[in-house]
Number of protein chains: 2
Amino acid sequence: MSDQPASSAPAFAPHDHRACEARALDQARDRLAENGARLTPVRRRTLEILLESHRAMGAYEVLDRLAAEGFGRQPPVAYRALEFLVEHGLAHRLQRLNAFAACLHPGHDHAPAFLICRSCDMLAELPAAPVRDALADLAAENGFQVERVTIEALGLCPACAGTAA
Amino acid sequence: MSDQPASSAPAFAPHDHRACEARALDQARDRLAENGARLTPVRRRTLEILLESHRAMGAYEVLDRLAAEGFGRQPPVAYRALEFLVEHGLAHRLQRLNAFAACLHPGHDHAPAFLICRSCDMLAELPAAPVRDALADLAAENGFQVERVTIEALGLCPACAGTAA
DNA sequence: CTTTCGCATGTTATATGATAACAAGTCAAT
DNA sequence: ATTGACTTGTTATCATATAACATGCGAAAG
Ligand SMILES: [Zn+2]
Ligand SMILES: [Zn+2]
Ligand SMILES: [Zn+2]
Ligand SMILES: [Zn+2]
């Protein structure tokens, strides 16, 4: 019951990002413990790398970082860690970008919406229940059984929209 | 004003697909004429290929078809035609699939939602105004300026859900 | 203990998706 | 006849993702 309402997520607003990172890592540990899965060094480091910023990173970008720190330098190393994180709800895959981002509020199942700034690459992960509901209605009308949804908006974050104007 | 309500699109229901194809081609011609763009042989054939089925096709799948019919056999041939069609609203790119599908009701700007069957690969393109509105609300709350949206649901079409049960 | 087995990590090689850069052909306007 | 915009084709290369196999490690069974 200590859940903050997810809508309080800072998104593009400035915030204490250290707290962001720490909280996500803690929740990741909890979640994996529940599922009996292991947060090994590569996986942990991969998550930390994703958590450094509110951006999405390509698998090869992550791989470069891992390799530089003594982990394997072949694609499967990064892809496996990323796939693991996604499977366990600790990271998301951004379909438009072929890239990955840390999940900012794991701990409960969610299929968030993403706002992606095309100028600065920043990313906001938002609870998308109303959007999903609207989509579920559409699907129901067509007898379609939804399993996974992708909801992504590309555009300008407040900061970049401001400087452009 | 002769517009059928877009919601009458047959989606997964059986229908006269010849009419589907013919209508889409006609509307494509109209639309391009308005914009002063040319429906050249490669482009036209590419559109026809996409229109053969309510499935998304990868660029290389399209390329194979084009090559077999005497057009160029190098990737840019397909990618250019597909890009052209997408730019002019005659085809859509499916982000989850890295693939393309003909637009079934061009003629007015739209950012549809897609229902993608993971079993038979069939695809429904649906008007998504309510979904987009919900997403727009989210964006507005966060000061985000939306430019393009991706709304895709992966799951089972009625037919495939039926046989699975 | 030590054997066994699942799983994590690493490798090499290859598949799949996409674009850059350049050359040549068409065609309408000058 | 010449120019310039546009289209199509090429070669070469980049980017993204997975298959297949080898090794190591640690918990559970013997
Ligand atoms: Zn943060
Ligand atoms: Zn921005
Ligand atoms: Zn049809
Ligand atoms: Zn199906």
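Quick note on labels: first sequence line is chain A, next is B, and so on, each numbered from 1.
- For Arg29(B), the CZ atom sits in a packed shell: over 12 heavy atoms of surrounding residues, nucleotides or ligands are nearer than 6.0 Å.
- Within residues 87-95 of chain A, the residues having any heavy atom under 4.0 Å from DNA chain D are, by residue number, Arg93(A).
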task = For the pair Arg43(A) and Glu83(A), evaluate salt bridge (Lys or Arg N to Asp or Glu O under 4.0 Å) and give the outcome as yes or no after the intermediate values.
result = CA-CA 10 Å; Arg43(A) 292 170 178 173; Glu83(A) 181 189 28; over 6 Å; no
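- For Arg38(A) and dT9(C), the CZ to C1' distance is 11 Å, given to the nearest whole Å.
- Between His54(B) and Glu125(B), every side-chain heavy-atom pair lies at or beyond the 4.5 Å cut-off.
- Using a 4.5 Å heavy-atom threshold, the side chains of Arg45(B) and Arg65(B) count as touching.
- The hydrophobic clustering, which links ILVMFWY residues whose side-chain heavy atoms are closer than 4.5 Å, places Leu138(B) and Val149(A) together.
- We find that CZ of Arg45(A) is positioned 19 Å from C1' of dA8(C), with the value rounded to whole Å.
- Taking the six-membered ring for Trp and the full ring otherwise, Phe100(A) and His92(A) have centroids separated by 6.0 Å or more.
- Rounded to an integer number of Å, the gap from CG of Leu32(A) to P of dA8(C) is 11 Å.
- A heavy-atom distance below 4.0 Å to DNA chain D is reached by these residues of residues 60-85 of chain A, ordered by number: Tyr60(A), Pro75(A), Pro76(A), Tyr79(A).
- The minimum heavy-atom distance between Asp121(A) and Arg55(A), with the atom names listed, is O-CG, 3.6 Å.
- A distance-only check finds no donor-acceptor pair linking the side chain of His110(A) to the backbone of Ala128(A) [under 3.5 Å].
- For the OP1/OP2 pair of dG17(C) and a distance below 4.0 Å, the side-chain nitrogens and oxygens of Asn98(A) include no atom meeting the criterion.
- Rounded to whole Å, the distance from CZ on Phe100(A) to P on dT16(D) is 10 Å.
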